Amino acid sequence: MYLKKPLWSEGVTEPANSNESSLPSSSSEPESEAASAATKAVEELVNSLNEQRIYREVTLALRTGLRDASAEFSFLRLRGLRSLLKSLRSIAQSDSTIVLFCHTQSIPELQVVPVLFQHSLKEMEDEKVTSLDHIFSVEPMKITSPSTDAEVALALRVLEGCCLLHPDSTHLAHKNNAIQVLMNILSTRGVLERGACLDALISIMLDSSANQMDFATCNGIEEVTELIRDKQVDENLRLKCGEFLLLLIGHLNGREMSPMATINEDMRRLLGEKSASLIWAASQFGSTLDPEQRLTALHIQAGRVLESLDLY
């Protein structure tokens with residue numbers, strides 16, 4: 001999806017300014033007010049047409065991506081997920097398009113999160129054959145290809161983007177048992193999917209007490225700390241676990257009413273006093289830094305967390 005500026009929106013105000021400069025100095029006050037009102041009316045019309053055009057582009061991109069993301073074959077779903085992720089990146093560039101995207105997510109047929117959990121993130125347990133009637137019938141059985149590693153990782157990126165752009169998507173994720181599904185991915189999938197899973201977990205738990213409660217129920221902190229302590233695990237994944245803990249603790253710090261209010265005590269129990277204290281102190285990093293500097297600082301602090309764990 002490309003949110004280009006329409007040709008007819010350019011030069012709307014320029015002619016008015018040039019006309020004003022060519023008006024005789026003896027122009028009457030009413031004529032000047034009428035010209036100003038006309039210019040304002042044209043600008044409002046152009047803005048309205050531009051907003052409608054962008055809304056049509058956003059909805060068309062969502063419909064196209066969701067159609068493929070709901071397909072029976074993995075290669076089609078992968079194409080749809082790529083299209084959705086590209087659209088989300090384009091939408092994120094403007095506050096106005098983010099508002100339009102949030103509006104589309106109130107329309108059931110345009111909601112992205114449910115489609116992700118119904119197809120790409122659907123657990124294989126749901127595919128068990130409960131009847132053999134299709135063997136004796138003339139109607140072919142509908143077969144859906146399983147999700148590939150790349151498809152799962154991409155679906156998690158789309159989930160992360162939706163929750164960051166549209167906070168209410170975290171409620172849709174909760175309705176689809178997102179935490180249980182993601183924790184299963186974290187414990188069974190490869191490095192690529194588990195790294196994307198940790199990022200998605202952060203996005204769906206931000207300001208969502210229901211998802212935080214599910215995470216605590218699933219012993220999520222124990223799962224993550226077990227990964228970060230295991231020296232046999234890929235180092236990049238361990239770093240991602242460190243970043244996850246830093247972001248989570250930094251977000252929950254000082255929130256006594258949170259379902260995870262005891263997270264600092266849990267960290268001391270699971271990682272030891274020294275490592276837990278380092279994580280707590282490092283989680284307060286760079287609130288005044290720009291986004292790129294924050295990412296760099298986060299990566300550096302995660303590396304220090306790993307060094308402390310290996311040392312102690």
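All figures in this text were calculated on a predicted structure; none of them were measured in a lab.
Separating the CD1 atom in Ile279 from the NZ atom in Lys274 is a distance of 14.5 Å, to the nearest 0.5 Å. With values rounded to the nearest 0.5 angstrom, Arg269 atom CZ is found 5.0 Å from Glu222 atom CD. Taking SG from Cys163 and CD1 from Ile204, the interatomic distance works out to 6.5 Å, rounded to the nearest 0.5 Å. Distance check, rounded to the nearest 0.5 Å: CD of Glu223 to CG of Asn184 gives 10.0 Å. Atom CD of Gln301 and atom CG of Leu247 lie 11.5 Å apart (nearest 0.5 Å). Separation of atoms OG1 (Thr188) and CG (Leu186) is listed at 8.5 Å; rounding is to 0.5 Å.
Residues Ile91 and Leu110 share a single hydrophobic cluster, defined by chaining ILVMFWY side chains whose heavy atoms lie under 4.5 Å apart. Under the 4.5 Å side-chain heavy-atom criterion for ILVMFWY residues, a single connected hydrophobic cluster contains both Trp280 and Met260. Placement of Met213 and Leu201 in two distinct hydrophobic clusters is found when ILVMFWY residues are connected by side-chain heavy-atom separations under 4.5 Å, directly or transitively. Residues Leu306 and Ile249 share a single hydrophobic cluster, defined by chaining ILVMFWY side chains whose heavy atoms lie under 4.5 Å apart. Linking Ile, Leu, Val, Met, Phe, Trp and Tyr residues whenever their side-chain heavy atoms come within less than 4.5 Å leaves Leu227 and Leu278 in two separate clusters.
One N or O on the side chain of Arg229 and one on the backbone of Leu270 form a donor-acceptor pair closer than 3.5 Å. In this structure a side-chain-to-backbone donor-acceptor pair under 3.5 Å is missing from Ser120 to Glu151. Checked by atom type and distance alone, the side chain of Glu193 never pairs as donor or acceptor with a backbone atom of Ala150 at under 3.5 Å. Side-chain atoms of Arg77 never come within 3.5 Å of backbone atoms of Asp68 as a donor-acceptor pair (strictly under, hydrogens ignored). For Asp230 (side chain) and Gln232 (main-chain N/O), a donor-acceptor pair under 3.5 Å exists by modelled atom type.
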Assess the residue pair Gln105 and Leu62 against the criterion (side chain to side chain contact (heavy atoms under 4.5 Å, CB included)); give the C-alpha distance rounded to whole Å, side-chain angles, the decisive distance to 0.1 Å, and a yes or no. CA-CA 10 Å; Gln105 294 310 287; Leu62 289 177; 3.9 Å; yes
Side chain to side chain contact (heavy atoms under 4.5 Å, CB included) between Leu154 and Leu85: does it pass, once the steps are laid out? CA-CA 8 Å; Leu154 201 55; Leu85 188 59; 3.6 Å; yes
Starting from the C-alpha separation in whole Å, work towards a yes-or-no answer on side chain to side chain contact (heavy atoms under 4.5 Å, CB included) for Asp214 and Met205. CA-CA 9 Å; Asp214 288 347; Met205 285 197 294; over 6 Å; no
Side chain to side chain contact (heavy atoms under 4.5 Å, CB included) between Leu182 and Leu159: does it pass, once the steps are laid out? CA-CA 11 Å; Leu182 267 59; Leu159 173 63; 4.3 Å; yes
Determine whether Glu44 and Ser48 satisfy the following criterion, side-chain hydrogen bond (donor to acceptor under 3.5 Å, both in side chains), listing intermediate values before the conclusion. CA-CA 6 Å; Glu44 291 177 353; Ser48 177; over 6 Å; no
Run the salt bridge (charged side-chain N to carboxylate O under 4.0 Å, His left out) check on Arg304 and Glu307 step by step: do they pass? CA-CA 5 Å; Arg304 291 174 178 171; Glu307 290 175 0; over 6 Å; no
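Nearest heavy-atom pair across Ala282 and Leu246 is CB-CD2, 3.7 Å. Heavy-atom minimum distance, Thr170 versus Asn211: O-ND2, 3.2 Å. For the pair Ala69 and Leu81, the tightest heavy-atom approach, listed with the atom from each and the gap, is CB-CD2, 4.5 Å. Scanning all heavy atoms of the two residues, the minimum distance from Leu116 to Ala155 falls at CD1-O, 3.7 Å. Met267 and Ile221 get closest at one heavy-atom pair: SD-CG2, 4.2 Å. Counting all heavy atoms, side chain and backbone alike, Ser74 lies closest to Ser145 at N-OG, 2.7 Å.
Annotation: side chain of Leu121 is in contact with side chain of Ile185 (closest heavy-atom distance under 4.5 Å). The shortest distance between side-chain heavy atoms of Ile202 and Glu160 does not fall below 4.5 Å. Contact annotation: the side chain of Leu88 approaches that of Cys162 to within less than 4.5 Å [non-hydrogen atoms, C-beta and beyond].
For the side chain to side chain contact (heavy atoms under 4.5 Å, CB included) with Leu248, the lone residue among Leu206, Ile263, Leu198 that qualifies is Ile263. Among Ile228, Leu239, Leu271, Leu245, the single residue meeting the side chain to side chain contact (heavy atoms under 4.5 Å, CB included) criterion with Val305 is Ile228.
Under a cut-off of 6.0 angstrom, the local environment of CD in Glu51 is sparse, with at most 12 non-hydrogen atoms contributed by other residues, nucleotides or ligands. For CD of Gln180, the number of neighbouring non-hydrogen atoms (other residues, nucleotides, ligands) closer than 6.0 Å is greater than 12.
The side-chain contact (heavy atoms from CB on, under 4.5 Å) check on Tyr55 picks up Thr59, Leu100, His103, Thr104, Ile107, with sequence neighbours excluded. For Arg67, the salt bridge (charged side-chain N to carboxylate O under 4.0 Å, His left out) criterion is met by no residue, not counting sequence neighbours. Not counting sequence neighbours, the partners of Arg268 by the side-chain contact (heavy atoms from CB on, under 4.5 Å) test are Asn264, Glu265, Glu273, Ala276.
Here Arg238 does not pair with Glu235 in a salt bridge; the nearest charged N to carboxylate O distance is not below 4.0 Å.
Side chain to side chain, Gln212 and Ser208 fail the donor-acceptor criterion of an N or O pair below 3.5 Å.
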